[in-house]
Amino acid sequence: MKKLITALLGASLLSTPVFAQSAWTGGDDQPTNPLACTGESPAPEPGEYNGGTPTNAPDRNGKDLTVVDIPKLVGVGYFASTASGMQEAAKELGNITINTDGPTRANIDEQITFVDNYITSGVDGILFAANDPVAIAPVLEKALEAGINVVGYDADAEADARQWFVNQALPNGVAKSMMDQLASEIGEDGSFAIVTSTFTTPNQARWISEMQAYTEKCYPNLKFLETVEAQEDNILSFNQAQTLINKYGDELNGILGMTSVATPAAAEAVQQNSLCGKVSVVGLALPNAMKPYINSDCIQSTILWNTVDLGYAAAQVMRQVADGTLKPGATTVTAGRLGELQIVNQSQVLLGQPKVFTKADINDFDF
Amino acid sequence: MSRRLTHTLGSLGQEILLVVVILALFAFVGVYNPRFLSENNLTSIFVGNAYIAVAAIGMSLVIISGNIDVSIGALIGVLAVISGLLVTNGYPIWVAWLAPLVVGAAINAVVGCLIAYARVPSIIATLAMLSILSGGLITFTGGQWISGLPAGYQLAQFRLLNVPSPVWFMIGMTILAGFLMRYTTFGRSVYAVGSNPEAARASGISYKATVVKVFAIHGAIGGVAAVLFATQLQVIQSTTPVGLELVIITASVVGGVSILGGVGTVFGSTLAAILFAAIGSSLIFLNVSAYWLRAVQGILILATVLADMARRRRTG
């Protein structure tokens, strides 16, 4: 009898690995910093400024500025919408001219050539979204040495190669948006599973850890089922979501898509199983990929940053950097219609919470 | 009679083994979680890798002919984008369905000519094609997905007798190719060219014509796989899944097609593709990390190739 009990105990220990209780699969082991469940979170300390400084920049305060915007590539909806946000800011400010120009494919060598050419032709400021943070640094430093103001957005360079970077979202912000949206759709005691790229992809692992921390704090009754990997593969994502639906049946209330590939594929699986309204899909995805599902009322939302606002904020920051009103040591910056934006990570301006796109406004965006 | 029977069984060995393994897996996971055997999940398993099974048919022909093609994943990506661009630019849906077959056959006929006439080894010719196709795809599309596909385009979502069309394509094309390989002069010449090119030449089989034909057919079959790939969801990814060509080659090899050429059937590769989908689904039902799928595929390749070597040593 004693033996039997020991054997049963041993078996139960083996079948419930302790670590499975403490961490969601797919997260990293880094410390987390969950935001407040409701209302404003206390602003984090930005820390000491670690951006660069232009050499002998002329006094540009209030003067007309000629600025070039060099995104990763031109001709795609994503950067067309950031550019439109910049034009909106330029029109509002009246004393800044922004011209968007860049490579037609996301190629770092071509992007470097563009930056170099604009340094030679002479501009007051350069806005950029880097194809490679390290490779672009030397040419941006050259721009700073020529007295040009340099501000990044969307994809950063090494910190000392630019002055400020407009960061579209922090991991704890993404986590809050995802879990708030999920809880609002499936209720605070629903069950959900995650489709991610791989367990070791840095961004996704970070977001999953933050989501876990935020859920434990704000939605303790939400039930996490499991995480499955689907690389960045459309069809595999669909198959994995399909298998989750088959495995859990009615128990599954929601699927979280961690990549812009997984989310539309999960939506497709829900739609093909006629589970619209029964299984929610919440995740990060480009609006264009989600329009079919949101317009047909199968899926309620998709989460991403507002790219128009991102461009708008970048232009506002550029103006204030040139004016000298945004200086090292600042904790906030006022960016036109977006109001006060926080300074984070030493020399970054945080755009704010990610945007939840719904049927009401998704068709206004084309990227 | 009995010798003939053992010979037939011997040549079917891998296929029968695969059927046994698939049934054993179904039984094992089904006992652990009966939902694994639900109609929905079985359908998912069969649909899941159908386009890979279809592409593996052409790959089997190529490998049986004594060659290899590492560009098939990129070709499927390119053909899927061509199909999507045609239909979103207003061309009729049937054009978007057929164009990948024609373009695929044309591209691979060129590859076949390089191999047969210019004597470029197939691994080099297709490696070059892989770079050209995948590089061209990224440059041309800039990574943009194709969305806004019209209603009626999603061929892979059609059902006949409640069975999704990819399953019909997989079964139909496997039987058709199996028949072609077994009962036609062309089929026999593919085996002949793959097992002994010199002997094939001596017996009046044109090595060059056979290789070009094999690659052209492989390209057209790749076109079918691309259409199934493109029409399963409502957006088309403009990059190819990483390692798709390896999964397709693995399906052929595990299906019993000898990497040395001359041996194998298309039935084996289809069963192997189904087995991979079943293993992938099992891992989720058994709560095992998906990382094991690749490890298991690797073990299957090694086991199959070792068994093939042993068999050759015994008979040769």
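Convention: sequence-line order gives letters A, B, ...; per-chain numbering from 1.
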request  = Taking the side chain as every heavy atom from C-beta outward, state whether Gln234(B) and Tyr293(A) have any pair of such atoms under 4.5 Å apart.
outcome  = yes

ask   = Side chain, backbone, both or neither: which part of Asn33(B) has an atom under 4.5 Å from a heavy atom of chain A?
value = side chain

inquiry  = What's the separation between atom OG in Ser260(A) and atom CD in Gln237(B), rounded to the nearest 0.5 Å?
reply    = 8.5 Å

inquiry  = Counting only heavy atoms from other residues, nucleotides and ligands, does the tally under 6.0 Å from NZ of Lys359(A) exceed 12?
reply    = yes

key: Leu233(B) versus Ala265(A), closest heavy-atom pair with distance   = CD1-CB, 4.3 Å

message = Is it the case that the side chains of Asn246(A) and Ser44(B) hold a donor-acceptor pair, with the cut-off being a distance below 3.5 Å and no angle test?
response = yes

key: Side chains of Gln232(B) and Asn239(A) in contact at under 4.5 Å (non-hydrogen atoms)   = yes

message = Could you measure the distance from the CG atom of Asn40(B) to the CD1 atom of Ile245(A)? Nearest 0.5 Å is fine.
response = 9.0 Å

key: Point-to-point distance, once rounded to the nearest 0.5 Å, from CD1 of Ile236(B) to CG of Asn234(A)   = 9.5 Å

task = Indicate yes or no: at least one non-hydrogen side-chain atom of Glu268(A) is less than 4.5 angstrom from one of Gln157(B).
result = yes

message = Give me the atom names and distance for the closest heavy-atom approach of Ile284(B) to Lys247(A).
response = O-NZ, 2.7 Å

request  = Select one option (side chain, backbone, both, neither) describing which atoms of Tyr51(B) are under 4.5 Å from chain A's heavy atoms.
outcome  = side chain

message = I'd like to verify something: which residue of Asn41(B), Leu149(B), Ile45(B), Val235(B) has the highest number of heavy-atom pairs under 4.5 Å with chain A?
response = Asn41(B)

query = If you count the non-hydrogen atoms of other residues, nucleotides and ligands that lie under 6.0 Å from CZ in Phe158(B), is the total more than 12?
reply = yes

key: Residues, nucleotides or ligands: over 12 heavy atoms within 6.0 Å of Asp250(A) CG   = no

ask   = If you measure from CD on Gln242(A) to OG1 on Thr43(B), what distance do you get to the nearest 0.5 Å?
value = 8.5 Å

task = With a 4.5 Å cut-off on heavy-atom pairs, point out which of Leu236(A), Ile235(A), Val228(A), Val261(A) contacts chain B the most.
result = Ile235(A)

inquiry  = Does any backbone or side-chain atom of Ser147(B) lie under 4.5 Å from a heavy atom of chain A? Answer side chain, backbone, both or neither.
reply    = side chain

